[in-house]
Amino acid sequence: MSADLTVLRTPRRRRDATMLTLGLFVAIVSAMLPVFSVIAPGPWVAGAVLVTAGVLGAGLLVRIARLPAILASAIELGVWVVLLTVIFGRTTALLGLIPTPATFASVPGLLSGASEEIRLGVAPVEPAVGLAFLLVGAIGGLALVLDHVVLTARMPLLAGVGLVAVSLIPTIAIPSDVDIVAFVLLAASLLFLLRVDTRARAIAASDRDPAPRRLGASSTALGVAAVAVIVAVVATPLLPQPGLRFATGGTGGIGTTINPNLELGNDLRQPREVDVLTVRTTGPTAPYLRAVTLSRFDGAVWQPDSSDTVPVPPDGPVFDRVGVDQDIALADWSTTVTVDQLDSPWLPVPYPASTVTGLSGDWLGMPQNRTVVTRAGSTRNQVYEVQANVPRPTLEQIRARQVGSPDLDPALSSLPPDVPAVIGDTARQVTAGASTSYDALIDLQTWFRSSAFRYSLDAPVEAGFDGAGMDAVADFLQVRAGYCVHYASAFAVMARSLGMPSRIVIGYLPGTASSIPQQGGTEYTVTSSQLHAWPEVYFQGIGWVPFEPTNSLGVPTNFASNSTTGGAAPATPEEDAAVPSTAPSPAASSADRGDTGAVEAGGAGVGARTGTAWIPSVVIALALLLLAAAPSVVRTIVRRRRLAAARAGDPVAAWTAMREDAVDLGIPSPASVSPRAYAAQLVDEHGVDADDVDLLRGALEEVSYAETAPDAAGGPALADAVERIRTQLASGASRTRRLVARVAPRSLIVRPGAEAPERETTAV
């Protein structure tokens with residue numbers, strides 16, 4: 001009968017090893033799929049799959065041949081090195097396979113190149129050799145480690161935690177939705193690994209009554225799946241998201257994107273800039289380029305507009321001509337935009353655009369604010385022409401107009417009830433001498449641009465605020481130092497406190513004019529440092545009028561009187577504010593030349609979350625606590641499962657639980673020591689009660705050598721003996737050792753050596 005068991009178990013062991021290897025391969029590939037949102041797929045993907053398959057395949061062959069585990073590690077490491085050499089170091093390798101000193105000497109250069117690509121690029125990165133080497137090597141190294149976690153240490157649960165964390169990194173790095181397909185595939189492969197491992201353990205422990213182990217492992221698997229879903233879907237979106245994108249390399253600058261978020265502080269403090277686009281216009285000066293408007297304000301967050309969209313036709317108007325009063329002049333200007341290093345779904349266009357031609361891909365127009373967006377494409381490498389119908393009222397005409405309109409959404413003028421008194425009081429004080437709404441807004445603009453305020457990227461941080469919420473605005477009015485977000489939000493909120501509908505625009509300041517004459521007009525270059533935010537106020541019969549309150553940037557809005565222009569139409573507010581200042585303010589540093597910043601992609605609730613700014617920090621703290629507690633939690637689950645099986649009458653589970661407790665407390669458990677010798681060691685050297693350890697040893701020997709069915713009635717006694725032995729072992733250990741045993745249990749990594757050999761000897 002013993003020989004029959006050996007024959008049956010050997011093919012089963014090979015099959016289980018094969019299934020675990022295949023499941024681990026699928027899990028690693030699944031965890032790699034979300035990386036495509038950060039790193040563009042290319043030849044490196046084939047290299048990563050090849051190295052992963054080679055490492056796992058080598059480990060499987062070693063286990064089928066039943067070679068020592070240390071040999072498996074050496075062979076897998078060798079396969080990893082050889083495959084990386086074949087892919088990246090053939091020119092310096094012996095026979096194209098064996099690395100030479102020159103091959104190893106090239107590794108620092110590759111890693112340096114990878115670091116430069118990561119630091120300087122825009123996602124999704126087209127990886128060069130250095131970054132490809134880093135990716136392929138890292139994924140192959142992950143496969144090597146997890147192979148031993150799953151097939152040697154038999155801890156697929158721990159491997160699952162690592163793979164879920166790896167799959168979430170791209171989602172955290174780049175604001176985006178969770179890759180549902182990759183997540184489902186990863187979850188299925190992890191559950192498959194747990195199922196195969198559970199079945200193998202149950203069969204090895206007892207061919208007579210495997211049900212208790214199967215039930216416990218199934219519950220564990222369901223628990224892991226639930227935790228993974230919660231972490232991926234709920235916790236990840238709350239984590240802080242960086243604005244500047246990942247890597248391109250080769251350009252020598254930091255790439256940028258446009259996202260509808262007013263938390264620009266960290267991005268404004270980036271020291272380097274790149275050219276993002278060029279502009280050529282028939283107008284007298286380069287226009288502001290708008291991308292996103294934010295109209296709804298709840299006191300903490302400025303929300304980007306969302307409304308019905310219309311397709312952008314290839315050669316026709318996107319929006320109707322601007323509806324203005326008959327006495328308001330309109331100027332038709334054409335602007336050509338060539339995009340370089342700008343990777344965004346929001347298209348920079350002058351206001352108010354009517355026709356956009358030359359775009360590639362599917363683009364949508366939002367008539368509510370005359371912005372253009374795509375659901376799946378990007379602005380990168382786009383060349384397009386925009387026709388704009390720009391209202392050009394005179395000073396007398398705009399003074400005669402009232403702000404607001406019965407047709408406007410009331411939310412454009414609304415403020416929450418708990419507005420700090422300093423905001424409304426200051427607005428009324430500054431505009432006390434104004435006779436018209438326009439004059440009041442000019443007074444506000446002049447006040448912000450006076451010497452009472454200074455442009456600064458540091459003062460907000462030092463003062464403890466860095467956003468656009470109500471509290472940040474109140475602090476800004478006290479500190480009187482900040483950047484474009486503070487100026488724009490303060491202006492818009494103060495305008496609303498005076499009953500005027502306002503909103504904020506995110507886009508670009510006008511660029512710098514080229515000194516080289518260009519056919520078709522002057523060409524202007526716009527850099528990443530010129531990403532900007534500014535306010536707008538709605539006037540009846542004219543539309544949305546921009547203002548420029550940010551101190552030391554641009555030229556303030558200022559309409560000319562008809563009497564001073566000799567009857568000619570004056571410059572529009574967009575045109576007036578479009579002229580960049582010739583020199584920075586003395587208060588502004590060299591890094592303060594504009595407002596750059598990429599903002600959180602995709603979402604509606606964006607902006608400075610002063611009321612909820614603690615959420616990311618709390619989530620990160622909780623995540624770190626959960627990560628620190630994970631080994632203890634996993635150990636507790638494993639031990640409870642062992643004790644449940646022991647209480648059901650399984651002596652092997654009871655003996656294993658005792659040995660794992662000993663390993664946690666630093667007591668060696670070598671494979672070469674027999675149960676009798678180990679029991680004597682615990683009694684003689686560690687003061688364990690002889691009756692308890694003899695009870696466990698006797699039950700183990702009876703079921704192993706006599707091949708009798710376990711006595712379920714004696715199960716509670718076995719479990720109680722395990723608990724007493726654990727207490728006795730802990731009492732003889734130091735307080736530090738007991739603490740380490742709870743926080744970082746060694747048995748999760750250092751498995752009791754006698755378990756597998758003892759089970760296999762039952763077949764001899």
Side-chain angles (χ1 to χ4, degrees), residues 14 17-33 35-36 38-119 121 125-153 159 162-163 166 247 249-250 749:
R14 292 176 178 173
T18 302
M19 291 296 100
L20 287 172
T21 300
L22 290 175
L24 180 58
F25 176 79
V26 175
I28 292 174
V29 172
S30 303
M32 186 176 67
L33 293 179
V35 177
F36 294 164
V38 180
I39 310 294
W44 72 268
V45 177
V49 171
L50 174 63
V51 173
T52 300
V55 169
L56 296 181
L60 177 61
L61 293 177
V62 170
R63 290 179 178 85
I64 290 177
R66 305 192 67 180
L67 298 176
I70 187 65
L71 188 58
S73 300
I75 292 176
E76 288 178 334
L77 182 61
V79 169
W80 179 67
V81 171
V82 168
L83 289 177
L84 286 177
T85 302
V86 170
I87 298 173
F88 297 100
R90 288 192 304 272
T91 57
T92 59
L94 184 63
L95 302 178
L97 294 173
I98 304 173
T100 64
T103 307
F104 290 110
S106 66
V107 172
L110 291 172
L111 295 178
S112 176
S115 175
E116 195 72 4
E117 290 183 75
I118 293 172
R119 187 172 62 88
V125 178
E126 294 286 347
V129 177
L131 185 55
F133 171 81
L134 178 62
L135 291 168
V136 175
I139 294 171
L142 178 67
L144 194 155
V145 172
L146 294 184
D147 177 75
H148 287 277
V149 171
V150 173
L151 282 98
T152 301
L163 286 171
V166 169
I749 300 175

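All values below come from the heavy atoms of this structure, side chains included, with hydrogens, waters and symmetry mates left out.
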task: Identify which one of I87, V86, L144, I139 satisfies the side chain to side chain contact (heavy atoms under 4.5 Å, CB included) criterion when paired with V51.
output: I87

message: Determine whether a donor-acceptor pair (N or O, by modelled atom type, separation under 3.5 Å) exists between the side chain of W44 and the backbone of F133.
response: no

Sub-4.5 Å side-chain heavy-atom contact between L84 and V136: yes

- request: Kindly give the heavy-atom pair with the smallest separation between A132 and P127, and that separation in Å.
  value: N-CB, 4.1 Å

query: Roughly how far apart are T85 OG1 and L95 CG, rounded to 0.5 Å?
result: 12.0 Å

query: Given L110 and L134, is the side chain to side chain contact (heavy atoms under 4.5 Å, CB included) satisfied, shown in steps?
result: CA-CA 8 Å; L110 291 172; L134 178 62; over 6 Å; no

message: Side chains of V49 and F25, heavy atoms from C-beta outward: is any pair under 4.5 Å?
response: yes

query: Just checking, any donor-acceptor pair under 3.5 angstrom between side chains of T103 and T100?
result: yes

field: L60 side, atom CG; L20 side, atom CG - distance, nearest 0.5 Å
entry: 9.5 Å

- request: Kindly say whether V26 contributes a backbone atom to a donor-acceptor pair with the side chain of S30 at under 3.5 angstrom?
  value: yes

field: Heavy-atom closest contact (V55 atom, A143 atom, distance)
entry: CG1-C, 4.3 Å

task: Assess whether side chain to side chain contact (heavy atoms under 4.5 Å, CB included) is satisfied between V45 and M32, documenting all intermediate values.
output: CA-CA 9 Å; V45 177; M32 186 176 67; 4.2 Å; yes

- prompt: Once you round to the nearest 0.5 Å, how far does CG of L83 lie from CZ of F88?
  reply: 11.0 Å

task: Enter the distance from I28:CD1 to L56:CG here, rounded to the nearest 0.5 Å.
output: 5.0 Å

